[in-house]
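Just the heavy atoms: all of them, side chains too, but no hydrogens, waters or symmetry mates, feed the values below.
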There are 2 protein chains.
Amino acid sequence: MNKLKPRGENDATAVDVTDLILNDIQTGVLAPGSWLKQIDLERRYQCTRPEVRRALDRLAQRRLVEHVPNRGYHVFEPDGRQATEISEIRVLLETGVADKVVANASSLDIQALRSLASRFDRMILEGTPIQLYEANLAFHHRLLSLCGNEELVNLVTEIRQRTSSAPVAQWKTRARIEQSSREHHEMIDAIAAGDAAALRDAITRHIRQN
Amino acid sequence: MNKLKPRGENDATAVDVTDLILNDIQTGVLAPGSWLKQIDLERRYQCTRPEVRRALDRLAQRRLVEHVPNRGYHVFEPDGRQATEISEIRVLLETGVADKVVANASSLDIQALRSLASRFDRMILEGTPIQLYEANLAFHHRLLSLCGNEELVNLVTEIRQRTSSAPVAQWKTRARIEQSSREHHEMIDAIAAGDAAALRDAITRHIRQN
DNA sequence: TTAGCCAAAATTGGCGCCAATTTATGGTAA
DNA sequence: TTACCATAAATTGGCGCCAATTTTGGCTAA
């Protein structure tokens, strides 16, 4: 007798509805401010009512959607103050471990980072906004992982989601995208040179975007 | 016709079950590692099954309890690595805004902090461990609020909960409690003297506890 | 006496129904 | 014509039941 689980025909059902909704919020499919009706979500993601409600509750906990009792849930719109404050938190955390990043980076790591930065550059020309967004995420994740503090990496990825409801739209102009690209390479150069101060500077400008 | 809601005999039912369980975890009533059976919680807090499950799901999201599919939920026990990493995050955040704290602190704020520190001292002698814990929380909350970054204050209170499942037991010895008390006053003195560097130093030692 | 297996009890977790509240609609009176 | 109210439709959210899985207890055989 095999103890293998029966498994429905499609194994891809393993992903949670929460992630699906989250993804649609981040890619801007579900616009900031719009109301999320349970019936619609139920049909859109082919899932049951309780699943939808659990997902909405989770997203409300993460403050990605806002809950108004007896009215429903709508996509959260962070105001300017919150966005600034969250950026400032990121600056503190990411510059705070800059010296660790520099210390831990092997030549192999630097090589990998260059590859990820190039991938970002390529996506500017050839990719969709979502692919660009994901390439950016991958670069930053790899970079930050060098600090050795796993909890910090998790925390930053978590609060990065809070910054903007539709992070795909974070780069308003082509000029800003290319500036981001340059900053990526600047960060790598700073790491390669072992210059933590330069890295901190590049990170700060990159996050504050000015 | 009055449109007042009927309201059950006890209005105190306004609080969420999540907070009740959270409180019992933090005060150590629900010990780290112990299993949280839905039936028990249902009876203990006089609430329904769905309420219990929602609360457990929320606490699992906050990583205060761990969920094992088809097995249940048990109070999370952070290992040494995680505890250290989280402490390091707190050091980065709280020392990072030390200069802001110093800059924004009015003499009235300093007075309030002295009062809260004294309250902590009083609770060492007269209070229960829980009261001591809460006095400590109040002091740190007031201090950190001076940085002006509301999001950061919320984030720190949130991750502080993750540090230890039973934070009441964080002070193992009487000597350590009194050391904490001295550090509190040290922080206030640094703020009063406008010495951000001294404040950073005191905060770092206080969080790392060594 | 001990190891392994089978059955029963307990626990988790998915799903749907129905009441309560809110929003939309249409009709009526000023 | 417009403002207001009452009725109807739609949506949210609470609650309980039952299936699936796991654990426990006891029995049998080596």
Item to complete: From the options Leu92(B), Leu93(B), Val91(B), select the one residue that forms a side chain to side chain contact (heavy atoms under 4.5 Å, CB included) with Ile89(B).
Response: Leu93(B)
Fill in: Atom-to-atom span, CZ of Arg43(B) to C1' of dT11(C) - whole angstrom
12 Å
Detail all sub-3.5 Å separations between protein N/O atoms and N/O atoms belonging to nucleotides 14-16 of chain C.
residue, atom, partner, partner atom, Å
dG14(C), N7, Arg53(B), NH1, 3.2
dG14(C), N7, Arg53(B), NH2, 3.0
dG14(C), O6, Arg53(B), NH1, 3.3
dC15(C), OP2, Thr48(A), OG1, 3.4

Worksheet item: Between the side chain of Ser181(B) and the main-chain N/O of Ile177(B), is any donor-acceptor distance below 3.5 Å?
Response: no
Discussion item. Do the side chains of Arg208(B) and Glu88(B) get close enough for a salt bridge, i.e. N-O under 4.0 angstrom?
Written reply: yes
Item to complete: Verify the contact: side-chain N or O of His67(A) to OP1 or OP2 of dG13(D), cut-off strictly under 4.0 Å; return yes or no.
Response: yes
Practice prompt. Scan residues 54-63 of chain B for pairs that pass salt bridge (Lys or Arg N to Asp or Glu O under 4.0 Å), counting only residues two or more places apart or in two chains.
Written response: Asp57(A)-Arg58(B), Arg58(A)-Asp57(B), Glu151(A)-Arg63(B), Asp16(B)-Arg58(B)
Worksheet item: If each of Leu36(B) and Pro69(A) is mapped to the nucleotide of DNA chain C with the nearest heavy atom, which maps nearer the 5' terminus, i.e. the 5' end?
Response: Leu36(B)
Worksheet entry | For atom CG of Asn70(B) and atom P of dA19(D), their distance in whole Å | 17 Å
Could you pull out all donor-acceptor pairs under 3.5 Å where a side-chain atom in residues 132-140 of chain A meets a protein atom, sequence neighbours excluded?
residue, atom, partner, partner atom, Å
Asn136(A), OD1, His140(A), NE2, 3.4
Asn136(A), OD1, His184(A), NE2, 3.2
His140(A), NE2, His184(A), NE2, 3.4
His140(A), NE2, His206(A), NE2, 3.1

Response to the item:
Among the nucleotides dT11(D), dG13(C), dT23(C), whichever has the atom closest to the side chain of Gln38(B) is dG13(C)
Discussion item. Side chains of Ser106(A) and Asp109(A): any donor to acceptor distance under 3.5 Å?
Written reply: yes
